[in-house]
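Chain identifiers are assigned alphabetically (A, B, ...) following the order of the sequence lines, protein sequences preceding nucleic acid strands; residue numbering begins at 1 within each chain.
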Amino acid sequence: MQSTLSEQEIIRREKLGELRALGIDPYPAPLFEITHTANEIKSGYSEETKEQYKEISLAGRIMSRRDMGKANFAVLQDASGTIQIYIKRDEICPGEDKTLFDTVWKKLLDLGDIIGIKGYGFITKTGETSIHVESFTLLTKALHPLPSVKEKDGEVFNEVTDLEFKYRQRYADLIVNPNVRDTFTRITKMKNAIRTFLNERGGLEVDTPVLQSIPGGALARPFITHHNALDIPLYLRIANELYLKRLIVGGFPWVYEFSRNFRNEGMDRTHNPEFTILEFYVAYKDYLWMMNTTEQMLEETAIATNGSAITNVDGVEISFKAPYKRISIYDAIKEHTGHDISQMDEAGIREVCKQLHIEVDATMGKGKLIDEIFGGKCEKHYVQPTFIIDYPVEMSPLTKKHREKEGLVERFELIINGKEIANAYSELNDPIEQRERFEDQLKNMERGDDEAMFIDNDFLRALEYGMPPTAGIGIGIERLAMLLTGNVSIQDVLFFPQMRPENV
RNA sequence: GGUUCUGUAGCUCAGCUGGUAGAGCAAAUGACUCUUAAUCAUUGGGUCCAGGGUUCGAAUCCCUGCGGGACCA
């Protein structure tokens with residue numbers, strides 16, 4: 001923390017003492033009764049309804065003040081928005097003693113302070129719905145000055161744009177940037193819409209371990225920690241897939257979890273070390289059913305979030321309206337590179353990578369090579385929601401073999417705006433084959449692939465009890481949130497994005 | 001990890017080719033009983049990210065480090 005206080009901070013601290021000397025507690029305990037919100041009053045008040053606004057009580061933060069001498073205007077901001085208030089000296093202080101107005105209101109209160117007011121609604125000469133203040137109560141004194149943002153006719157002046165400030169002091173960002181508050185409330189709406197969709201169809205929301213002794217279910221580098229009492233290493237989960245499948249084995253027909261996952265990898269505009277994947281698993285379904293369900297869910301979610309299936313990101317219009325285009329990964333590669341790799345072996349594909357100037361190394365197996373080609377040359381072309389389907393078996397260790405196409409698995413990824421949003425399969429439920437796939441992963445690990453999967457024997461035991469045919473999916477919640485709120489950086493859809501610690 | 005841009009008052013930013021800092025908002029003091037980026041007058045406020053170097057002299061040029069952004073592996 002800062003050791004030296006600014007001039008303004010010192011002045012505000014001095015005001016605390018002056019308030020207390022006047023018998024005013026700057027941090028009072030009693031609740032403050034609220035009858036209306038700023039937005040309700042602004043949208044509801046009129047000549048006809050004015051009777052309902054004769055006794056208003058609301059609380060908020062002072063955002064600006066216009067001092068006219070014996071009468072003041074101020075703008076109060078609560079959770080719903082802002083409203084102008086009007087306060088007159090001779091009404092607040094009808095007697096001889098004008099301290100409450102001249103000293104407390106005018107001198108000891110500052111921008112950023114939280115107050116409660118009682119009064120009645122009215123419309124000013126210039127036509128702005130306002131509250132005529134009859135009494136006010138200091139509810140919280142602010143000691144840190146707020147950035148002085150101003151706004152007129154939708155144009156914002158002195159807007160706080162410094163990203164470091166916004167991310168490190170999100171609380172202040174939320175106070176002064178209404179659009180940031182809006183982004184986050186829409187993200188919550190989005191998640192609620194997903195929950196509603198899943199709950200209505202019989203989904204059961206569950207919680208599974210974040211601390212895992214085998215970090216399974218995905219290909220990624222985990223964070224490692226240590227449990228003292230058990231004296232064992234534990235990993236923060238990179239995925240919850242294997243646990244949700246255990247629950248399907250246990251007999252739940254449809255389970256889902258918003259899984260906060262942790263991956264110890266690079267950070268950029270689309271990666272934060274902790275992030276959320278919604279995973280859900282449904283018994284007796286396959287990946288074709290899952291595609292239909294996914295596009296329905298996303299269309300409904302987009303409408304619930306924004307009132308429209310169309311969203312705009314960085315000047316690009318994206319339609320979440322179902323159905324979405326479906327194309328196999330081999331066809332996608334053929335379309336965008338001209339190479340038909342569907343019949344090639346690892347050496348042939350490696351040669352194609354070379355021709356396409358894709359950097360590869362010896363640790364990469366066939367699956368990884370194909371992934372590199374698709375990621376490097378194809379993915380970016382799919383702007384509108386597109387299902388890429390039927391992946392090669394080598395890159396999908398948890399996926400059931402394709403019902404008719406040799407060497408492929410029943411898997412799809414959903415690409416939107418050139419980014420992977422979801423990944424889904426008909427889940428592999430043959431325990432013997434699953435063990436073989438894990439063993440293949442082990443070979444990749446020996447080859448130097450530090451993202452290969454570990455063998456999870458307990459999961460295999462669960463599969464041996466019999467897991468019904470199951471379709472499963474993981475959806476990147478932040479990425480979906482970015483699309484639906486029109487943000488291009490993951491930091492703008494996380495309240496507190498990971499940052500280097502400040503000031504050590 | 002590489003390349004590049006960036007860091008000046010509480011906030012937004014200016015500061016040309018080197019001459020030890022400026023504006024608006026915010027703050028303080030005063031005026032004003034319907035203002036709305038309120039207005040008017042006066043005043044205060046700075047480790048120019050940090051540390052080195054070049055120079056008579058560095059916010060400015062150079063190096064290193066730290067923080068942040070963008071692009072790339």
Run the side-chain donor-acceptor check on residues 233-240 of chain A: report pairs under 3.5 Å with partners two or more places apart or on a different chain.
from	atom 1	to	atom 2	distance (Å)
A/R237	NE	A/S259	OG	3.0
A/R237	NE	A/R260	O	3.0
A/R237	NH1	A/T208	O	3.0
A/R237	NH1	A/T208	OG1	3.3
A/R237	NH1	A/P209	O	3.4
A/R237	NH1	A/E257	OE2	3.2
A/R237	NH2	A/E257	OE2	3.4
A/R237	NH2	A/S259	OG	3.4
A/N240	ND2	A/E257	OE1	2.8

For this session: List the steps, then state whether salt bridge (charged side-chain N to carboxylate O under 4.0 Å, His left out) holds for A/D90 with A/K98.
Result: CA-CA 8 Å; A/D90 296 338; A/K98 305 296 185 190; 3.2 Å; yes

Exercise. Quick one: side chain to side chain contact (heavy atoms under 4.5 Å, CB included) partners of A/D268, sequence neighbours excluded?
Worked result: A/T270, A/H271

For this session: Dump the intermediate steps for salt bridge (charged side-chain N to carboxylate O under 4.0 Å, His left out) on A/K366 and A/D345, then the final yes or no.
Result: CA-CA 8 Å; A/K366 186 177 170 187; A/D345 60 7; over 6 Å; no

Exercise. For residues 150-170 of chain A, which residue pairs qualify under ring-ring contact (aromatic ring centres under 6.0 Å, His included), counting only residues two or more places apart or in two chains?
Worked result: none

Problem set entry | A/K70 NZ - B/U35 P separation (whole Å) | 16 Å

Exercise. Considering Watson-Crick and G-U wobble pairs with both distances under 3.5 Å, what does B/U47 pair with?
Worked result: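 Paired with B/U47, as far as the under-3.5 Å criterion goes, is no nucleotide at all.
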
Exercise. For A/L111, which contact category applies under a 4.0 Å heavy-atom criterion: base, sugar-phosphate, or nothing?
Worked result: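 Answer is sugar-phosphate: A/L111 comes under 4.0 Å of backbone atoms only.
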
Exercise. Reading nucleotides 37-46 of chain B 5' to 3', which nucleotides get B (base under 4.0 Å from a protein heavy atom), which S (sugar-phosphate only), which -?
Worked result: BB-----BS-

Exercise. So which nucleotide does B/G57 pair with, by the Watson-Crick or G-U wobble rule with both distances under 3.5 Å?
Worked result: none

For this session: Measure the distance from OH on A/Y86 to P on B/U33 and round it to the nearest whole Å.
Result: 10 Å

Problem set entry | Inter-nucleotide P distance (B/G18, B/G30), Å rounded |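 It comes out at 46 Å once rounded to the nearest Å.
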
For this session: Give the B/S/- string for nucleotides 66-73 of chain B, one per nucleotide from 5' to 3', where a protein heavy atom under 4.0 Å of the base yields B, of only the sugar-phosphate yields S, and otherwise -.
Result: -SSSSS-S

Problem set entry | Rounded distance in Å - CD1 (A/I11) to P (B/A27) | 10 Å

For this session: Scan every strand shown for a Watson-Crick or G-U wobble partner of B/G67, both distances under 3.5 Å, and answer none if you come up empty.
Result: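 Here B/G67 is engaged in a pair, and the nucleotide opposite it is B/U6.
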
Seminar exercise, completed: A/K107 NZ to B/A27 P, in whole Å, measures 12 Å

Seminar exercise, completed: Those residues at least two apart in sequence (or on a different chain) that pass salt bridge (Lys or Arg N to Asp or Glu O under 4.0 Å) with A/K189 are none

Exercise. What is the pairing partner of B/C40, taking Watson-Crick or G-U wobble pairs with both distances under 3.5 Å in any strand?
Worked result: B/G30

Exercise. For atom P, what is the distance between B/G53 and B/A14, given to the nearest Å?
Worked result: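 30 Å, rounded to whole Å.
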
